[in-house]
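Report on the following structure.
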Amino acid sequence: MQSYIGRFAPSPSGPLHFGSLICALVSFLHARQANGAWLVRIEDVDTTRVKAGADQTILSQLQAHGMQWDGETLYQTARNKAYQHALDTLREKQLVYACSCTRQEIKSKGKYYTGTCRDRELPFEGNAIRLINNCTDSSFIDLHLGNVEVDPSFCSEDICIKRKDGLFAYNLAVVLDDIAQKVSHVVRGADLIDTTIQQQQIYRLLGEKAPKYFHLPAICIEHGRKLSKQNHAAPIQNNQASVNLICALKIIGLSTDTLDENMPVDGLIQWAIENWSPNLLAKRREILFSGINTV
Ligand code: GLU
């Protein structure tokens, strides 16, 4: 059995931008340096956010930037049966309940959900489904950032695993997929760091072992604002792959003076596998970025 299985799990809500390229690159390098497998999973569980064709664009961007994944690409939309099966199992164990609270109702009571519907015995049909969460942990050890503290009220919030609109929630899908794909290392942006505790709790309730987590700094345009499709981050261009890679390698801590833009992508990637180390990467949750030409 392969001991290291990593993955990159983009949501196909648009093409890769510079922030997601860096995320892919760090997860790729981390896996390849461990002689591990590197999988790509298209996280299209939230079909309301899917942009037609974005999955293919993302895959072509990864390939153009020298990041070839192993095996088949898994799509979350092909996994609804597995998600439902897990939900049914949790229901049999009486670990879930239906919740009719709207976002506004939750907000009016505080920052996080406070268990309002726990004892209401609402019908499952037409309501959100929440997992009873008695988690008392509010910290975990991250491979990169060390001890991470998370707001205890968030950690013990009953976790939404199926939305009112019938779509399975990200936290459930990501855990079930990582289990199914035997992922050993989750390397992803620190913007998702808090969700780790809730995901670890889902592993516990399912009786499964959680993977190791490595959170890299999110690439931000200003403090608290990550470069994202929502703020119209420019898609990375395949015909600029070497330039993009050199810039990305600088950001993740490498000294790139010996590299130049005319070098082929495969050579750059090989060089990065040989030279990068997680120790070079800033141990922070954010890196500020104002454009490729300013790095
Ligand atoms: N699909 C998530 C995203 O694109 C990543 C989830 C994960 O890596 O756990 O932000």
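Predicted model, so just to flag it, every value in this text is computed and none were measured. Just so it is clear, the values below take in all heavy atoms, side chains as well, and ignore hydrogens, waters and symmetry mates. Counting starts at 1 for both ligands and their atoms, in listed order.
- One distance of note links CG of Asn134 with SG of Cys155; it measures 13.0 Å at 0.5 Å rounding.
- Using a cut-off of 4.0 Å between Lys/Arg side-chain N and Asp/Glu carboxylate O, Lys81 and Asp88 are scored as not salt-bridged.
- Counting only heavy atoms of the protein, atom 1 (N) of ligand 1 lies nearest to Glu43 OE1, 2.5 Å.
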So Asp177 and Gln76, side-chain hydrogen bond (donor to acceptor under 3.5 Å, both in side chains) or not? Walk me through it. CA-CA 8 Å; Asp177 296 345; Gln76 290 184 320; 2.9 Å; yes
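- Within the 4.5 Å cutoff, the side chain of Phe124 has heavy atoms near those of the Arg91 side chain.
- Listed by atom number, the atoms of ligand 1 under 4.0 Å from Val174 heavy atoms are 9 (O).
- Ranking protein heavy atoms by distance to atom 10 (O) of ligand 1, first place goes to Leu192 CD1, 4.0 Å.
- Between His185 and Phe214, the distance separating the two ring centers is not shorter than 6.0 angstrom.
- The closest protein non-hydrogen atom to atom 5 (C) of ligand 1 is Ala9 O, 3.3 Å.
- Nearest-residue assignment for atom 9 (O) of ligand 1 (options Gln76, Arg49, Arg188; heavy-atom criterion): Arg188.
- Annotation: the span from Arg120 atom CZ to Ser100 atom OG amounts to 4.5 Å, rounded to 0.5 Å.
- Nearest protein heavy-atom contact of atom 8 (O) of ligand 1 is Arg7 NH1, 2.6 Å.
- Nearest non-hydrogen protein atom to atom 3 (C) of ligand 1 is Ser11 OG, 3.6 Å.
- Ser242 places a side-chain N or O within 3.5 Å of a backbone atom of Met263 that can act as its donor or acceptor partner.
- For ligand 1, the polar-atom distance check finds an N/O of Tyr170 within less than 3.5 Å of one of the ligand's N/O atoms.
- Residue contacts with ligand 1 leave out Phe8, since none of its heavy atoms falls under 4.0 Å from the ligand.
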